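Lettering follows sequence order; numbering is per chain, from 1. Worth knowing before you read on, the calculation uses all heavy atoms, side chains too, and leaves out hydrogens, waters and symmetry mates. It should be emphasised that the depicted structure is a prediction, and the values quoted were computed from it without experimental measurement.
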There are 2 protein chains.
Amino acid sequence: MAPKEKPADTASTHVAEALAEAIHEHRIAPGTKLNEDEVGEVYGVSRTVVRAALQQLAHMRLVELKRNRGAFVAKPTVKEAREVFEARAMLEPTMTRYAAERMTIEDIAILQAHIDAEHAALRAGETGRALQLSGQFHIEVARIANQVTIAEFISQLVARSSLIIALYWQRRAALCESHAHHALIKALAAKDGPLAEELMKNHLLDLLTSLDLREQTSAPQSLSEALKQ
Amino acid sequence: MAPKEKPADTASTHVAEALAEAIHEHRIAPGTKLNEDEVGEVYGVSRTVVRAALQQLAHMRLVELKRNRGAFVAKPTVKEAREVFEARAMLEPTMTRYAAERMTIEDIAILQAHIDAEHAALRAGETGRALQLSGQFHIEVARIANQVTIAEFISQLVARSSLIIALYWQRRAALCESHAHHALIKALAAKDGPLAEELMKNHLLDLLTSLDLREQTSAPQSLSEALKQ
DNA sequence: GTGGACGTGATTGTATACGATTCTGGATCA
DNA sequence: TGATCCAGAATCGTATACAATCACGTCCAC
């Protein structure tokens, strides 16, 4: 049924996906060191495949590789955070319009299932999982737009957004997201491209303004890190 | 001066850059198999670092990794080609406007140097090198816009464009590019954002229309590949 | 008590080795 | 003659081994 087809090696990709999900669900904090031996032992693979997995994640900017130092879960700076949301603002609204024009019954069901799962996760108190599903919603929209190239970019941006939210989120219930997604799904189902585009634009703006992106935030970090900037 | 700083491992990145440049300059044709042992022998490194390099290139979609089959220089399909240029159209004009607003004397000099080098390469008959420099021009503009996240996306798109050009280019002198870049540099130097944006938009459209993107083009490929689609 | 030098342990970078999978070429048989 | 099938070779995926680098704690001089 789904024994994988074209994708690269299964072992390293599997580890990479597992780590990515853990990061996405905020089970691993930004800045955490990812020891190769440890990760390898957790997933029962050798350092060779762990290194490949970490490289994949580094390409998505989910982890940062420091030579002879190891891999660390990325800690996006304020500038990076702004850039990520600027990029999303440049891509996602248009993708949403495209998606509205191509929407099928199955697509609507898929998106609805995402929202339902997100609600269920929220009720179960699994905020991390809810966040992960919330991001999946955006990726799914890009996929429906049938633009895999841009969908991949958005996929990376969504993943990085998760890190940004972990670092710069300032209170406010995560519920608002669901409402925005609910409105979006209605516009998409109605094939109202312009409305969907506008809703996505506002949704991203809401997300951005819900962050505290003043310089020097939350964690004071280590002195050495603060100085070397 | 330039002993590398943050970047990851030097060995694999070095190999990856060398291969990328060769691909960019059309010294390696799309579809070419990249044998790990061969590549390793060429650069005097082991398969370990070659594999890492190939993975990097795979992330940029410059090579395609097929499990148990090896790495091949990517052969973008017509759909992928359209997607790449659509993505560029969504990102680069805006980046060009930003660049115009932030332009400094040094930036102008850098861009002019790129154009000069491109002309020199063209006169020397090194069309591959000229193409590589032509792409660098676009990447440099994104860098000047001070948006590294989007600049990285554009960097990947430019690299893929090189493959697309190798596959779908339909005659016409490469000179036209230089003219477009020359007009662009003037608008950028004048800090005329809207004009620069418009020029970039048209430049990308010109590029796109200079391709022959009808289905089933140029190379008939192997029978098996044609059938399994 | 403070500051620096040095050695040890830990961790990463690279190479090599081995098992698994795929491709190639020729022999066999209808 | 043509297709099928089966070895052998080639190539990839993963594990392990060794070398290089870095972090950290101890010791010593001042």
For the pair made of CG in B:Asn68 and C1' in C:dC23, what is the distance, rounded to whole Å?
12 Å
Indicate whether OP1 or OP2 belonging to D:dA10 is found under 4.0 Å from a side-chain N or O atom of B:Lys33.
no
Out of C:dT14, C:dA15, D:dT14, which has the shortest distance to the side chain of A:Val49?
D:dT14
Ring-plane angle category for B:His181 and B:His203, please: parallel below 30°, perpendicular beyond 60°, tilted otherwise.
perpendicular
A:Thr48 or B:Glu36: which one's nearest nucleotide on DNA chain D is closer to the 5' end?
B:Glu36
Do the side-chain N or O atoms of B:Ser46 get closer than 4.0 angstrom to the phosphate oxygens (OP1, OP2) of C:dA15?
yes
Quick check: any donor-acceptor pair below 3.5 Å linking the side-chain of B:Arg47 to the base of D:dG13?
yes
Of the nucleotides D:dT14, C:dG13, C:dT14, which has the atom closest to the B:Arg67 side chain?
D:dT14
Can you tell me the distance, in whole Å, between the CZ atom of B:Arg51 and the P atom of D:dT11?
14 Å
Could you check whether the rings of B:His59 and A:His59 sit parallel, tilted or perpendicular, using 30° and 60° as the cut-offs?
parallel
Roughly how many Å is it from NZ in A:Lys66 to P in C:dT11, rounded to a whole number?
17 Å
Atom CZ of B:Arg69 and atom C1' of C:dT24 are separated, to the nearest Å, by 13 Å
Are the charged groups of B:Glu83 and B:Lys79 less than 4.0 angstrom apart, N to O?
yes
Mind calculating the distance between CZ (B:Phe72) and P (C:dT22) to the nearest angstrom?
13 Å
Is there side-chain contact between B:Val63 and B:Ile23, with at least one heavy-atom pair below 4.5 Å?
yes
If I compare all heavy atoms of A:Ala166 with all of A:Pro30, which pair ends up nearest, and what's the gap?
CB-CG, 4.2 Å
Could you give the CG-to-P distance, from B:Leu65 to D:dT11, as a whole number of Å?
16 Å
d(CD, A:Glu41; C1', C:dT11) in whole Å
15 Å
B:Asn35 CG to D:dG13 P: how many Å, rounded?
12 Å
